[in-house]
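First comes the structure, then the notes that go with it.
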Amino acid sequence: SSDDGKAVDSTKPVIDTAIAGAFPTSCATITRGGTINFKALFSDNEQLGSYSINIHNNFDHHSHDTEVDSCEFDAEKTPVNPWAATLTFTIPANSKEYIAEQQITVPADIDTGDYHFMIQLTDAQGWATMRGISIKIVE
């Protein structure tokens, strides 16, 4: 193998949910049948790649290491018709910074209660960062 002298990128991308208008934020309440107006700022020292959003129930009160705030949970329950979705999006080529905005429709017939909104951001080199946000879906 050869060494072209170029430094290897080992820096993970950054998910910023503290920008103006960022959503959802920790412990956000969202209406069943409504819309999640997702907004976050993504950045990387070299080049961004893609991102995905995973939404799943938290009826058993499990945790993800990225959660920093403690939300008030409903009582644990057995899912009947929980919402589970994974959505994948591309980021324009050669972007070092990108404001991600998506409108995500919340199904009207799902179980209400505690959910996780997981954001995974991958840069062009394959490094990934994940952010877990606790949300509540209500009537």
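Everything numeric here is computed off the predicted structure, so don't read it as measured data. One is the number of the first residue; the rest follow in order along the sequence.
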For Lys136 and Glu72, which heavy atoms make the closest approach, and how far apart are they?
-> NZ-O, 3.3 Å
Just by distance, do the side chain of Lys12 and the backbone of Met130 share a donor-acceptor pair under 3.5 Å?
-> no
Supply the atom-to-atom distance Asn57 CG to Thr112 OG1, rounded to the nearest 0.5 angstrom.
-> 11.5 Å
Roughly how far, to the nearest 0.5 Å, is CD1 of Ile36 from CD of Gln102?
-> 11.5 Å
On a heavy-atom basis, the closest approach of Gln125 and Asp44 is OE1-OD2, 3.9 Å
Reported CD-to-OG1 distance for the pair Glu46 and Thr11, which is rounded to 0.5 angstrom = 8.0 Å
Under the ring pair (Phe, Tyr, Trp, His ring centres under 6.0 Å) rule, what pairs show up with a residue in residues 76-109, not counting sequence neighbours?
-> Tyr51-Phe89
Determine the minimum heavy-atom distance between Thr122 and Ala128, stating which atoms define it.
-> OG1-CB, 3.9 Å
Kindly work out whether a path of hydrophobic side-chain contacts (I/L/V/M/F/W/Y, heavy atoms less than 4.5 Å apart) joins Ile104 to Ile135.
-> yes
Smallest heavy-atom separation, Ala18 atom then Ala22 atom, equals N-CB, 4.4 Å
Any pair counted as ring pair (Phe, Tyr, Trp, His ring centres under 6.0 Å), so long as it reaches residues 10-38, sequence neighbours left out | Phe38-Phe117
Quick one: pull up OG1 in Thr129 and CD1 in Ile15 and give me the separation to the nearest 0.5 Å.
-> 5.5 Å
Should Gln47 and Asn94 be marked as a side-chain contact (heavy atoms from CB on, under 4.5 Å) after you check the CA-CA gap, both sets of side-chain angles, and the distance that decides it?
-> CA-CA 6 Å; Gln47 182 180 336; Asn94 302 313; 3.6 Å; yes
Output for pair (Ile137 CD1, Asn58 CG), nearest 0.5 Å, gives 11.5 Å
Any idea which heavy atoms bring His61 and Asp114 closest together, and the distance?
-> NE2-OD2, 3.9 Å
Honestly curious: do Leu87 and Tyr115 fall in one hydrophobic cluster under the side-chain, below-4.5 Å linking rule?
-> yes
On the 0 to 90° scale, with breaks at 30° and 60°, tag the His116-His56 ring pair as parallel, tilted or perpendicular.
-> perpendicular
Euclidean distance, Leu48 CG relative to Lys96 NZ, rounded to 0.5 Å | 10.0 Å
Check whether any side-chain N or O of Asp111 sits under 3.5 Å from a backbone N or O of Asn81 as a donor-acceptor pair, and report yes or no.
-> yes
Taking Pro13 as the fixed residue, which of Asn45, Ile91, Leu121 is the one that meets the side chain to side chain contact (heavy atoms under 4.5 Å, CB included) rule?
-> Leu121
Result of checking Ile99, Asp16, Ile119, Val14 against Phe42 for side chain to side chain contact (heavy atoms under 4.5 Å, CB included) | Ile119
